[in-house]
There are 2 protein chains.
Amino acid sequence: MSDPHTDKKMPYHHGDLRAALLAAAEVEIAEHGVEGFSLRQVARRAGVSHAAPAHHFGDANGLLTALAADGYRQFLAAQAEREAAADPAPRAQLVAAGLGYVDFALTRPALFRLLFGSERTDYADPDLSMAANAAYQHLADQVVAAGGRDSADAAAVWAMAHGLADLMAAGRLKTIISLEPSARDATIAAIVGRALPPA
Amino acid sequence: MSDPHTDKKMPYHHGDLRAALLAAAEVEIAEHGVEGFSLRQVARRAGVSHAAPAHHFGDANGLLTALAADGYRQFLAAQAEREAAADPAPRAQLVAAGLGYVDFALTRPALFRLLFGSERTDYADPDLSMAANAAYQHLADQVVAAGGRDSADAAAVWAMAHGLADLMAAGRLKTIISLEPSARDATIAAIVGRALPPA
DNA sequence: GGGGCAATCTTTTCGCTGTCAAGATATTTT
DNA sequence: AAAATATCTTGACAGCGAAAAGATTGCCCC
């Protein structure tokens, strides 16, 4: 009845199947988790045969890799959004980036787990590699701008933001999650601030 | 030829199949990752039919849940080992726990990911729930012993240790991983120390 | 504008997986 | 010893990812 190709609306060529598959994949991992990801289910959601994704992404891991690359760019965007709304002083900018880090993990936990907790993404892929490096570089730059010295400073800030984000995305640290937004931001900002020694 | 039941050595009843399956499962996730986990492969490794695990664990997630519960106990043991070798002062004990946290993540990264990064473990299971709570409680107790006040102090210490462990288990923070053991410990200890405000 | 070429998508097939149901074997209980 | 129970095997089923082969379409060049 409602088979994609019995209604005449559906052309043989999709038009922008690649983007449609990426969008469908993000919805799928949001609903079923990264470990419940199914390539055939994604194809079904996009209204296309189960073998269609292969041409655009090779295999299932290829699709997840492309999704992760996009994810890193959105990850950076989430930090940039916080930074734009914050005091331009270097240290405030660094803390804002940390808030954006956590924002992303809480807003799109499945995507966050794909970026940092999945073994199915291929970092030999240039696009993913670039995107991931850009995300790290942004943080490292802000640490030096804020007065960081050794690489331990960057590691500390990264670890603190990541630890908060990962634990909260997993539903732990409920005492912080259940805070109202403004109090929550203040708490997170204070904690992230501990990672960097005072100027 | 080498079928389990053509050699007469193999009795119909295994003896301690439950423990054997758990051991096989840990080797499997260490070799193929949590996302590459296969129940049939675990059964094969234990020399048993593919449906044998069901009786002991229900389904695949049940096995992973039981493995995670054991994992949390070993996780606590790794921290206790570091604590036993450290200065008994509360703050030194807390830092030692952090070192044990990272030790565990680096020594058994697959198991660590099962504990903190998998959606296939069922925390409604009483055994897993108890084990996980015990791990958290141990950390929280040490934070108050070391002079922690609000729950933000516990969150900060947890997040810092967890962030370091998770990133390093994923192969990031290479500048720290590549340090020689003593220097690495010192660096990690210094970073964890930042999470708790000075007494 | 028409012919051919390449890209895109479908269909079919394969081995592997997790789960369930039914049967076989051993252990424990009565 | 008989019966009940626990443990393990066998067989079946649908869903999965991947590969091969076929159908359809858009595009480029003559």
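Within every chain, numbering begins at 1; the chains are lettered A, B, ... in the order of the sequence lines, protein sequences first and strands thereafter.
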Item checked: Nearest-Å distance for atom pair CZ/C1', residues Phe57(A) and dT8(C) -> 13 Å
Margin query: On DNA chain C, does the nearest nucleotide to Pro53(A) precede the nearest nucleotide to Arg44(B) from the 5' side, or the other way round? Give the residue.
Written below: Pro53(A)
Notebook entry, point to check: What integer distance in Å separates Leu63(A):CG from dC16(D):P?
Noted result: 15 Å
Next item on the list: Please work out if Ser49(B) contacts a base, only the sugar-phosphate, or nothing of the nucleic acid, heavy-atom cut-off 4.0 Å.
Entry: base
Notebook entry, point to check: Between atom CZ of Phe37(A) and atom CG of Leu67(A), what is the distance when rounded to the nearest 0.5 Å?
Noted result: 8.0 Å
Notebook entry, point to check: To the nearest angstrom, how far is Gln41(A) atom CD from dG15(D) atom P?
Noted result: 11 Å
Check: Can you tell me if the side-chain N/O atoms of Ser38(B) get under 4.0 Å from OP1 or OP2 in dG18(C)?
Finding: yes
Margin query: In this structure, how many angstroms lie between the P atom of dC16(D) and the CG atom of Leu39(B), rounded?
Written below: 18 Å
Item checked: Centroid separation Phe116(A) to His162(A) less than 6.0 Å -> yes
Next item on the list: Tell whether His50(B) reaches the base of dG11(D) with its side chain through a donor-acceptor pair below 3.5 angstrom.
Entry: yes
Next item on the list: Measure the distance from CG on Asp59(A) to P on dA19(D) and round it to the nearest whole Å.
Entry: 7 Å
Check: Rounded to the nearest Å, what distance is computed from the CG atom of residue Asp16(A) to the P atom of nucleotide dG26(D)?
Finding: 15 Å
Margin query: I'd like to know if the side chain of Thr65(B) reaches the main chain of Asp122(B), judged simply by a donor and an acceptor atom lying under 3.5 Å from each other, with no hydrogens or angles considered.
Written below: yes
Check: Quick one: Arg40(B) CZ to dT19(C) P, roughly how many Å, whole number?
Finding: 10 Å
Note to self: In this structure, how many angstroms lie between the P atom of dT27(C) and the NE2 atom of His55(B), rounded?
What the structure shows: 15 Å
Margin query: Counting the atoms with a prime plus P, OP1 and OP2 as sugar-phosphate, which does Ala60(A) contact under 4.0 Å by heavy atoms, base, sugar-phosphate, or nothing?
Written below: sugar-phosphate
Checklist line | Pair Arg73(A) + Asp127(A), salt bridge at N-O below 4.0 Å | finding: yes
